[in-house]
Amino acid sequence: MRVLVVDDDVRAAETVRRVLASEGWSVVVATDGAEGLWRATEEQFDVVVLDIMLPKLNGFRVVQEMRERQVWTPVLMLSAKDGEYDQAEALDYGADDYLVKPFSVVVLKAHLRAVIRRGGRERPAILRAGSLTLDPAERKVARGDTPVTLTPREYALLEFLIRNKETVVSKRLILESIWDENYEGDENIVEVYIRYLRKRIDDPFGVRSIETVRGAGYRLCEV
């Protein structure tokens, strides 16, 4: 396995390098965000271990730039902060996992094995369906150049649909994903929110991107 470690703490980076090298991994170390981004986009790695607080470019910017350049190498983000907002931001920008410093060698290796098993699937920084865009990091939606304002529930529904674009998703799957897997209310609440969403992202623009597939569910199309 070939690993890129991006950390300006030279001692910490060397510790990680030594531990992984002892397991037979090939390790490359970068000590600032600019070098880390260059190596991550110009060289081939199985996984990137990326600190958040870096000189020149912080870790959030590095992983965002990687995804925007279509580089899907798995990224394990490191931080001395354990706040939930930092973790959420890291994942929104395109990281695959998050580990709080200090951590044990055993835990680090387990996290790395896990992200490598999941592989480098595509996770774009900006989600698109035709002229519709959704930015998970900024929680912004637009149709072309026109911003679209959504309620939190409408936003969650659109994000689910756009991540599953061109795929028919059932009411039950939407309820389990957006409401709660134990939701026992009326399934027609999905129809209500689909109607709300169409009024926001389709009707003002004269398009019909959300299709109703009778007896099966809904599909978001590229228009």
Note to self: Would L4 and V47 count as a side chain to side chain contact (heavy atoms under 4.5 Å, CB included) here? Give the steps.
What the structure shows: CA-CA 7 Å; L4 173 62; V47 64; over 6 Å; no

Checklist line | Candidate pair D7 and V29, rule side chain to side chain contact (heavy atoms under 4.5 Å, CB included), full reasoning | finding: CA-CA 8 Å; D7 195 332; V29 175; over 6 Å; no

Note to self: I'd like to know whether L76 forms a side chain to side chain contact (heavy atoms under 4.5 Å, CB included) with D96, so could you lay out the CA-CA distance, the side-chain angles of the two residues, the decisive distance to 0.1 Å, and finally the verdict.
What the structure shows: CA-CA 6 Å; L76 171 61; D96 299 86; over 6 Å; no

Note to self: Does F45 form a side chain to side chain contact (heavy atoms under 4.5 Å, CB included) with V3? I'd like the steps, not just the answer.
What the structure shows: CA-CA 6 Å; F45 295 95; V3 185; 5.7 Å; no

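Distance check, rounded to the nearest 0.5 Å: CG of L134 to CG of L150 gives 8.0 Å. In this structure, the separation between CD on Q70 and OG1 on T41 is 12.5 Å, given to the nearest 0.5 Å. Once rounded to the nearest 0.5 Å, the distance linking CG of L99 with CG of D97 reads 7.0 Å.
Side-chain contact between L197 and Y193 is absent, with no heavy atoms from C-beta onward closer than 4.5 Å. At a threshold of 4.5 Å between non-hydrogen side-chain atoms, the residues I201 and I210 count as touching. Counting only heavy atoms from C-beta outward, the side chains of L54 and D32 never approach each other to under 4.5 Å. A 4.5 Å side-chain heavy-atom check between I174 and Y218 finds at least one atom pair inside the cut-off. For the pair V6 and D51, the minimum side-chain heavy-atom distance is 4.5 Å or more. The side-chain heavy atoms of L157 and I194, taken from C-beta on, include a pair separated by under 4.5 Å. Using a 4.5 Å cut-off on side-chain heavy atoms (C-beta onward), F160 and L220 make no contact. Residues L108 and V19 form no side-chain contact, since every pair of their non-hydrogen atoms from C-beta on lies 4.5 Å or further apart.
L37 and R69 make their closest contact through CD2-NH2, 3.7 Å (heavy atoms, listed as atom of the first residue, atom of the second, distance). Taking each heavy atom of I116 and D46 in turn, the nearest pair found is CG1-O, 4.1 Å. Summarising the geometry of E222 relative to K165, their closest heavy-atom pair is OE2-NZ, 2.9 Å, with the distance given to 0.1 Å. Considering all non-hydrogen atoms of both residues, A90 and Y98 come closest at CB-CD1, 3.7 Å. Smallest separation of non-hydrogen atoms from R143 and A129: NH1-O, 4.2 Å. Contact between L78 and F103 at its shortest, heavy atoms only, is CD2-CE2, 3.8 Å.
In the displayed structure, R200 atom CZ is contacted under 6.0 Å by more than 12 heavy atoms of other residues, nucleotides or ligands. The number of heavy-atom neighbours closer than 6.0 Å to CD of E166, taken from other residues, nucleotides and ligands shown, is above 12. The environment of K109 atom NZ is dense: over 12 non-hydrogen atoms of other residues, nucleotides or ligands sit within 6.0 angstrom. Within 6.0 Å of atom OH in Y196, 12 or fewer heavy atoms from other residues, nucleotides or ligands are found, so the atom counts as exposed in its surroundings. Within 6.0 Å of the CG atom in N188, the count of heavy atoms belonging to other residues, nucleotides or ligands exceeds 12. The number of heavy atoms from other shown groups lying within 6.0 Å of NZ (K56) does not exceed 12.
Comment: E35 engages R39 in a salt bridge, judged by a side-chain N to carboxylate O separation of less than 4.0 angstrom. Salt bridge R11/E14: absent, no basic N to carboxylate O contact under 4.0 Å. Taking 4.0 Å as the cut-off between side-chain N and carboxylate O, K101 and D9 do not count as a salt-bridged pair. Salt-bridge formation is not detected for the pair R67/D135: no Lys NZ or Arg NE/NH1/NH2 atom is positioned less than 4.0 Å from an Asp or Glu carboxylate oxygen. Ion pairing between a basic and an acidic side chain is recognised when a charged N comes within 4.0 Å of a carboxylate O; E43 and R2 show such pairing.
At a threshold of 4.5 Å between side-chain heavy atoms, the hydrophobic network of Ile, Leu, Val, Met, Phe, Trp and Tyr places M53 and V75 in one connected group. In terms of hydrophobic clustering, with Ile, Leu, Val, Met, Phe, Trp and Tyr side chains grouped at heavy-atom distances under 4.5 Å, V115 and L91 are assigned to different clusters. Hydrophobic clustering of Ile, Leu, Val, Met, Phe, Trp and Tyr side chains at less than 4.5 Å, counting indirect connections, keeps V213 apart from V207. Residues V106 and L20 do not share a hydrophobic cluster, defined by chaining ILVMFWY side chains whose heavy atoms lie under 4.5 Å apart. Residues V105 and V5 do not share a hydrophobic cluster, defined by chaining ILVMFWY side chains whose heavy atoms lie under 4.5 Å apart.
In summary, the side chains of D202 and S209 do present a donor paired with an acceptor at a separation below 3.5 Å, with no hydrogens or angles considered. Side-chain contact of T212 with R198: a donor-acceptor pair under 3.5 Å is present, judged by distance alone.
The one candidate from M66, Q64, M77 that meets the side chain to side chain contact (heavy atoms under 4.5 Å, CB included) condition with Y93 is Q64.
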